[in-house]
Amino acid sequence: MRSCRTSSAGSRSRRLRDTRSIASSARDRRAQVSAPLPRIAVVALGGTIGAPVDASGSNSALAIDGRTLVASIPGLDGVADIEPSTFRSVMSADIGVGDVVDLAARISELAAHGADGVVITQGTDTLEEVAYLLDLLLQVEIPVVVTGAMRNPGRPVVDGPANVIDAVRTATRPELASLGVLVVMAGEIHSARTVRKLHTSALAAFGSPGTGPIGWVVEDRVRVPLQPARRRITLSPAPGALPRVALHRLALGDDTAVLELIPSLGYDGLVIETYGAGHVGSRALDALSRAVDAMPVVFASRTGSGELYRATGGYPGSEKDLADRGLISAVDLDGLKARLLLLALLAAGVHDRAAMTAAFEAHL
Ligand code: ASP
């Protein structure tokens, strides 16, 4: 009997519990229905992340469109209300500076039309440059996150879907908008200003030498414990043709033939990647002085991390000598990013050497 009573009391309380949990899950569902998911625009540019693969495992140059890419990622629709689109379908080596200027305009439109965040998917080869140039051009109040994939969809381990989900989760966090453009790869969140592709093929190919990532995504949690202290620079290109800036890397014992030619090739600016903390061979000095007479010349380090010296080397070809000759220090920007900052400054009509120097300084 007791067991019978117990069982009937038990089933009554179970029924009660069930009724309560049905009521509360209905409440939860209503709450879910009434709280819409953030609207995240996913803009596809192409790259390995969405490239169709043939029977041999090679991916083609053309990528699938943004809608198909998004539809192929299970669970993404539960993270955000995704609005996919296709901006370009190219490998990232075929993205031009003008494309990035147009992309910045597209992102601004998406923000103006109510997107809560934007995720760009693209090839990883030029991802750090696209992200940084967007960072220089954009003035939007929503998070903008760039991602890609190191493995094409035909490989046994594929990173694209996880990277897109992590990027979308990151883009749903409005408080990250003020950090500038972010790059999310392999579970890490990087500032566009510091991130670099450091490996040809590793899944974790991206890093921020010297500073590290500012955060990470684990499971469904986006963590950003570090925030860049730098001041952002925003530059709007004036209408008309974009400037052309050459990038030249110095190497052991090189002659100066290419350097000598650059001023005659119609470039608007030049970035040289110097040895170490800002040094060139004395044989390059005359060519550099001639280049400075023709255009702004910025010097960065070919080492890929660290800040240039300012007052250590006192010999011909040292960082002090270069500054005295009118070259502008890239401070801690590498050659790729220094080229984009110089280009964006020129595009915005900044031609004064002191203003350029100040921009490179202020940007740290
Ligand atoms: N070649 C590809 C690209 O950058 C590589 C990649 O997507 O990872 O477009």
Side-chain angles (χ1 to χ4, degrees), residues 42-73 76 84-104 106-107 118-135 144-168 170-171 181-209 213 217 247 304 334-337 339-340:
V42 174
V43 182
L45 264 69
T48 292
I49 191 165
V53 177
D54 67 19
S56 73
S58 306
N59 55 259
S60 71
L62 286 182
I64 55 176
D65 62 281
R67 191 167 296 280
T68 313
L69 173 67
V70 159
S72 73
I73 302 176
L76 187 58
S85 61
T86 307
F87 184 73
R88 299 282 186 272
S89 256
V90 294
M91 285 293 146
S92 72
D94 281 324
I95 297 173
V97 169
D99 292 320
V100 184
V101 173
D102 294 347
L103 178 61
R106 168 76 72 88
I107 293 170
V118 176
V119 169
I120 307 297
T121 64
Q122 69 154 94
T124 60
D125 289 346
T126 62
L127 192 149
E128 76 216 63
E129 290 165 273
V130 172
Y132 179 61
L133 187 51
L134 285 177
D135 187 71
V144 176
V145 183
V146 187
T147 193
M150 292 300 295
R151 301 281 191 275
N152 73 35
R155 300 287 293 276
V157 176
V158 178
D159 55 333
N163 286 341
V164 174
I165 290 179
D166 288 350
V168 168
T170 305
V181 174
L182 301 173
V183 168
V184 171
M185 290 290 291
E188 292 183 339
I189 304 173
H190 295 268
S191 159
R193 187 187 184 284
T194 56
V195 75
R196 300 185 66 202
K197 188 176 186 181
L198 299 170
H199 197 281
T200 54
S201 58
L203 285 172
F206 284 78
S208 290
V217 185
L247 175 60
D334 65 18
L336 294 176
K337 297 221 173 109
R339 172 179 170 268
L340 293 172

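The first residue in the sequence is number 1, and the count goes up from there. Order of appearance sets the numbers: ligands from 1, and atoms from 1 within every ligand.
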Salt-bridge criterion met for K337 and D135 (N-O under 4.0 Å): no
S92 side chain vs T126 backbone, donor-acceptor pair below 3.5 Å: yes
Closest protein heavy atom to atom 4 (O) of ligand 1, given as residue, atom name and distance to 0.1 Å: S92 OG, 2.6 Å
Heavy atom of the protein closest to atom 1 (N) of ligand 1 (residue, atom name, distance): D125 OD2, 3.0 Å
Side chain proximity check, I120 to F87, heavy atoms < 4.5 angstrom: no
Closest approach of any protein heavy atom to atom 8 (O) of ligand 1, naming residue and atom: T124 OG1, 2.5 Å
Non-hydrogen atom of G46 closer than 4.0 Å to ligand 1: no
Enumerated ligand 1 atoms positioned under 4.0 Å from heavy atoms of A149: 6 (C), 7 (O), 8 (O)
Interatomic spacing from CG in D125 to OG1 in T48 - rounded to 0.5 Å: 7.0 Å
Structural part of A51 in contact with ligand 1, heavy atom criterion under 4.0 angstrom: neither
Listed partners of N163 passing side chain to side chain contact (heavy atoms under 4.5 Å, CB included), at least two apart: T147, D159, M185
Pairwise side-chain contact, R88 with D102, heavy-atom cut-off 4.5 Å (strictly under): yes
T48: numbered ligand 1 atoms lying under 4.0 Å from its heavy atoms: 2 (C), 5 (C), 6 (C), 7 (O), 8 (O)
Atoms of ligand 1, numbered as shown, that sit under 4.0 Å from any heavy atom of M91: 1 (N), 2 (C), 3 (C), 9 (O)
